[in-house]
Amino acid sequence: HGDKERGKYYYMSVDTNVDKLEETAVPSDNITNTVKDLAGKTIFFLDTCHSGGIYGSKGARNDPARFVNELASAESGAIVFAASMGGQVSWESTTWGNGAFTKAVVEGIEGKADIETSSRVTVILLEYYLSKRVPALAKEINREQTPASAKPYAVADFPISIPIVIN
């Protein structure tokens, strides 16, 4: 789960204790600082409810949108894929064995996002695939879910997977 608590955005696991956030959850500053220190390109997948409030609201402070925008800033250089818009839940189904976003990401990276049939999946192709597949999966269970993404302007499209076909 990802949410704002006590004026700060936290990435929370299933066993997070809200009374002990500093010990049991990860504050957004820790993630942002880690990403800033990484060499090379970074792709960050956030499969949590409300994870993609990418654009936030005017005057919003310490919210998921701010966190995502900081990760995708030119300084950090991370490309961020978020499971749902800021006001949405990220849906799961026992049929899929996980959430709609995770299912779509795995499918896309394994090759279904390669709509150009170029034997590679790029950031832009995955972004497009997720924009279509996640809402379709959510619709299967009569729900709504719209993924979001953010990336620095200066980062050109590049391959993130080269699916291997074994005959």
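The analysis underlying the following values was restricted to heavy atoms, covering all of them including side chains, and did not include hydrogens, waters or symmetry mates.
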Which distance, rounded to the nearest 0.5 Å, do you find between the CD1 of Ile160 and the OG1 of Thr122? 7.0 Å

Which atom pair, heavy atoms only, marks the closest approach of Val35 to Ala78? CG1-CB, 3.7 Å

Kindly say whether Trp91 contributes a backbone atom to a donor-acceptor pair with the side chain of Gln145 at under 3.5 angstrom? yes

Any side-chain heavy-atom pair of Ile79 and Phe44 under 4.5 Å: no

dist Leu46:CG -> Ser90:OG (nearest 0.5 Å) comes out at 9.5 Å

Heavy-atom closest pair (Ala113 atom, Tyr129 atom, distance to 0.1 Å) is CB-CB, 3.6 Å

Is there a donor-acceptor pair closer than 3.5 Å between any side-chain N or O of Ser161 and the backbone N or O of Ile109? yes

Honestly curious: do Phe101 and Ile43 fall in one hydrophobic cluster under the side-chain, below-4.5 Å linking rule? yes

Within the side chain of Asn33, is there an N or O that forms a donor-acceptor pair under 3.5 Å with the backbone of Asp29? yes

Would you say that Phe158 contacts Val123 through its side chain, given a criterion of any heavy-atom pair below 4.5 Å between the two side chains? yes

Search all heavy atoms of Val26 against all heavy atoms of Asn30 and return the closest pair with its distance. CG1-CB, 4.1 Å

Residue set satisfying side chain to side chain contact (heavy atoms under 4.5 Å, CB included) with Thr16, at least two apart, ordered chain then number -> Met12, Ser13, Leu21, Thr24, Ala25

Do the side chains of Val155 and Leu126 join up, straight or via other hydrophobic residues, at under 4.5 Å, putting them in one cluster? yes

List the residues meeting side chain to side chain contact (heavy atoms under 4.5 Å, CB included) with Ser119, not counting sequence neighbours, and say none if there are none. none

Residue set satisfying ring pair (Phe, Tyr, Trp, His ring centres under 6.0 Å) with Phe45, at least two apart, ordered chain then number -> Phe81

Under the salt bridge (charged side-chain N to carboxylate O under 4.0 Å, His left out) definition, can you give me all pairs with a residue in residues 93-102, not counting sequence neighbours? none

Is there any salt bridge (charged side-chain N to carboxylate O under 4.0 Å, His left out) pair reaching into residues 108-128, and which pairs are they, with sequence neighbours excluded? Glu127-Lys151

For Gly108 and Val121, work out which heavy atoms get closest and say how close. O-CG2, 3.3 Å

Residues 131-144, side-chain donor-acceptor partners within the protein, below 3.5 Å, at least two apart:
unit_1	atom_1	unit_2	atom_2	d
Ser131	OG	Tyr128	O	2.6
Arg133	NE	Glu107	OE1	2.7
Arg133	NH2	Glu107	OE2	3.1

Going by the rule side-chain hydrogen bond (donor to acceptor under 3.5 Å, both in side chains), which residues pair with Asn98 if we only count those two or more places apart in sequence or in a different chain? none

Other ILVMFWY residues reachable from Val14 by side-chain steps of under 4.5 Å: none

Suppose clustering is done on Ile, Leu, Val, Met, Phe, Trp and Tyr with side-chain heavy atoms closer than 4.5 Å. Which residues sit in the same group as Ile124? none

